[in-house]
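Letters A, B, ... mirror the listed sequences (proteins, then strands); counts begin at 1.
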2 protein chains.
Amino acid sequence: MASTKDKILNAAERLFAEHGFAETSLRMITTKADVNLASVNYHFGSKKTLIQAVFERFMDRFSAGLSDELDKLDASDSSLEVIDVLSTLTRPIILLDELRPDGAGVFMNLLGRAYAETQGHIRRFAMERYSDISKRFSMLLQATSPTMQPSEMFWRLHFMLGSFIFTLAGHKALQEISESDFDQKLTIEQIIQRLVPFMSAAFSFDSNLPNNHFTDSSPNRLSSLAGE
Amino acid sequence: MASTKDKILNAAERLFAEHGFAETSLRMITTKADVNLASVNYHFGSKKTLIQAVFERFMDRFSAGLSDELDKLDASDSSLEVIDVLSTLTRPIILLDELRPDGAGVFMNLLGRAYAETQGHIRRFAMERYSDISKRFSMLLQATSPTMQPSEMFWRLHFMLGSFIFTLAGHKALQEISESDFDQKLTIEQIIQRLVPFMSAAFSFDSNLPNNHFTDSSPNRLSSLAGE
DNA sequence: CGAAAATTCAAACAAGTGTTTGAAACATAC
DNA sequence: GTATGTTTCAAACACTTGTTTGAATTTTCG
């Protein structure tokens with residue numbers, strides 16, 4: 001029998017992912033968890049800190065998994081390629097999905113909502129708590145492309161982050177469309193296995209290459225707003 | 001002097017983008033707009049339809065701008081490259097930014113929040129109302145890569161969508177980090193001009209190529225969860 | 001002008017919110 | 001077994017929410 005605390009966390013994480021933080025009331029949570037209303041404030045203090053606790057439980061799992069993968073990468077002596085670094089994300093995500101039904105989707109949904117919080121008490125909390133692992137990941141990525149400017153790498157990293165969070169948070173809807181339109185329903189792992197090579201190709205693009213095809217800014221290409 | 005209706009829309013769109021739909025009360029909106037509380041229900045019927053109206057105003061602008069760009073593309077007789085199609089997104093987004101302060105950021109923020117809505121009354125509304133323009137865009141993209149499977153293209157398109165929405169919705173926070181860490185604050189346009197070539201390179205990656213570097217699945221690469 | 005329609009307004013409504021309270025029930029340890 | 005600390009519970013609290021009402025005001029137009 002799960003403890004009251006865990007029952008609350010289990011119910012809360014599903015409801016938060018499904019309806020959002022503000023749209024989920026403590027009464028919805030305690031009803032689903034089959035515990036007394038007051039127990040939330042007793043065990044967690046407030047709704048705000050409950051949200052943090054839900055987030056923390058996922059994030060700890062994920063960052064531990066990612067840390068393991070990065071360890072493996074450090075241990076291997078083969079030269080690092082972009083895809084090797086990006087691939088370290090796969091397993092930690094899949095592990096969440098095995099932890100509980102649609103764990104990865106729930107986690108990414110929470111991540112996306114946390115990021116949307118402009119005032120962002122979660123954001124600040126995550127920043128300081130998981131800065132180590134994120135720095136480590138970004139260092140390794142930088143090592144694959146020594147000539148790339150760190151600022152360019154910074155932006156690319158967030159471009160990628162957007163793809164991951166957005167796609168996996170909404171994977172259920174996307175899976176449905178994919179199934180009805182193409183008769184193929186990808187699993188989370190299959191989605192990631194498409195996403196990783198796709199993003200690796202993007203990262204491998206060298207914007208410093210002169211006369212590069214992708215940075216050709218002849219009138220018909222790119223924005224050229226000025227020319228109108 | 002703006003009409004009451006417009007004053008409400010103007011106040012609402014900023015507050016929605018800043019705090020989210022649920023976290024923004026009608027009283028916050030009417031206070032900021034300096035109109036009577038009841039006028040929201042009088043002019044828009046309900047909060048739900050107000051949200052739709054705010055969204056619609058942006059989306060109409062954007063899709064009209066995108067439509068123009070796609071027209072230009074149809075008119076040009078040069079062979080289409082991926083970057084030509086992706087570049088059509090730039091101008092419509094920048095135009096929103098010129099329409100009102102941080103228009104692009106506000107719009108992307110709304111888009112992101114609308115997508116997060118799992119139950120999604122906005123999502124359904126957008127699906128049927130803007131299916132034409134989205135189909136047109138995706139057709140043109142498909143034309144640049146005739147050999148690519150439509151299902152693969154579908155997923156890539158949503159990977160890209162995630163990058164755009166996520167990055168531009170949170171661009172303010174990212175700009176701040178970029179400024180403090182690299183002493184360079186990019187404009188929205190500059191962000192897009194990094195994003196478009198980056199994504200174009202990703203789209204140009206051919207996953208059907210045999211023995212491709214990026215799909216090499218030797219033990220150290222990709223997930224290989226089975227092997228544990 | 002003056003009747004009709006459209007709009008604004010202050011006030012109230014019912015419903016739902018997070019949180020607090022103090023007694024009851026339970027568990028733990030001496 | 002009794003005392004101590006922990007946890008649960010029903011009830012109430014103070015407050016905010018979106019929406020409605022009906023009268024007052026403004027605008028429209030013949």
Side-chain angles (χ1 to χ4, degrees), chain A residues 1-57 110 113-114 116-125, chain B residues 1-57 110 113-114 116-125:
Chain A
M1 182 63 176
S3 68
T4 299
K5 217 169 165 176
D6 283 338
K7 285 202 287 185
I8 293 173
L9 285 173
N10 291 337
E13 76 179 21
R14 306 182 77 85
L15 289 171
F16 283 152
E18 197 169 342
H19 303 105
F21 301 124
E23 295 87 345
T24 302
S25 70
L26 295 186
R27 282 163 183 82
M28 290 168 70
I29 295 171
T30 54
T31 300
K32 182 170 180 130
D34 198 37
V35 300
N36 186 271
L37 169 62
S39 55
V40 173
N41 290 284
Y42 176 75
H43 285 287
F44 297 95
S46 69
K47 185 183 183 182
K48 211 165 171 175
T49 50
L50 168 63
I51 295 175
Q52 265 181 25
V54 167
F55 189 71
E56 204 171 355
R57 201 165 61 147
L110 295 178
R113 293 185 191 279
E117 302 249 338
T118 315
Q119 120 232 54
H121 73 280
I122 303 176
R123 197 168 187 158
R124 225 165 305 140
F125 162 77
Chain B
M1 181 64 173
S3 70
T4 299
K5 219 170 165 174
D6 283 338
K7 285 201 285 183
I8 293 173
L9 285 172
N10 291 337
E13 75 177 24
R14 306 184 76 84
L15 289 171
F16 283 151
E18 197 169 345
H19 303 105
F21 301 126
E23 295 86 345
T24 303
S25 70
L26 295 186
R27 282 166 182 82
M28 288 166 71
I29 296 172
T30 54
T31 300
K32 183 172 178 129
D34 198 37
V35 300
N36 187 270
L37 169 62
S39 55
V40 173
N41 291 282
Y42 176 77
H43 284 288
F44 296 96
S46 68
K47 184 182 181 180
K48 212 166 171 173
T49 50
L50 168 63
I51 295 175
Q52 266 181 27
V54 167
F55 190 70
E56 203 171 358
R57 201 165 60 147
L110 296 177
R113 293 185 191 279
E117 302 248 336
T118 314
Q119 118 235 55
H121 74 280
I122 302 175
R123 198 169 186 156
R124 223 167 305 139
F125 162 77

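Taking atom NZ on K5(B) and atom P on dA6(C), their separation rounds to 13 Å, with Å as the unit. Regarding F44(A), its CZ atom lies at a distance of 13 Å from the P atom of dT19(C), rounded to whole Å. As rounded to whole Å, 13 Å separates atom C1' of dT17(D) from atom CD1 of I51(B). Atom CG in L37(B) sits roughly 8 Å away from atom C1' in dG18(D) (whole-Å rounding). dG18(D) atom C1' lies 7 Å from atom CG of N41(B), rounded to whole Å. Taking atom NE2 on H19(B) and atom P on dT16(D), their separation rounds to 16 Å, with Å as the unit. Put simply, CE on M28(A) is 12 Å from P on dG16(C), counting in whole angstrom units. Taking atom NZ of residue K47(B) and atom P of nucleotide dG16(C), one finds them 16 Å apart after rounding to whole Å.
Taking each heavy atom of V54(A) and L9(A) in turn, the nearest pair found is CG2-CD2, 3.7 Å. Taking both residues in full, the closest heavy atoms of E23(B) and M28(B) are given as O-SD, 3.7 Å, listed atom of the first, atom of the second, then distance. Heavy atoms only, all atoms of each residue included: K47(B) and F21(B) are closest at NZ-O, 3.0 Å.
Residue S25(A) places at least one side-chain N or O under 4.0 Å from the OP1 or OP2 atom of dT17(C). When the side-chain nitrogen and oxygen atoms of T4(A) are compared with OP1 and OP2 of dT8(D), one or more of them lie within a distance under 4.0 Å. Between N36(B) and dA10(C) there is a side-chain polar atom (N or O) within less than 4.0 angstrom of OP1 or OP2.
In this structure, CG in L50(A) is found 9.5 Å from CG in N41(A), a value given to the nearest 0.5 Å. Going from atom CZ of R57(B) over to atom CG of L110(B) covers 10.5 Å, rounded to the nearest 0.5 Å.
As judged by a 4.0 angstrom heavy-atom cut-off over every strand, T30(B) is placed among residues making no nucleic acid contact. Among the heavy atoms of the strands, none lies under 4.0 Å from S3(B).
Comparing dT8(C), dC9(D), dC9(C) against the side chain of Y42(B) picks out dT8(C) as the nearest.
Where R27(A) and H43(A) meet DNA chain D, the nucleotide closest to each residue was compared, and H43(A) sits on the side nearer the 5' end.
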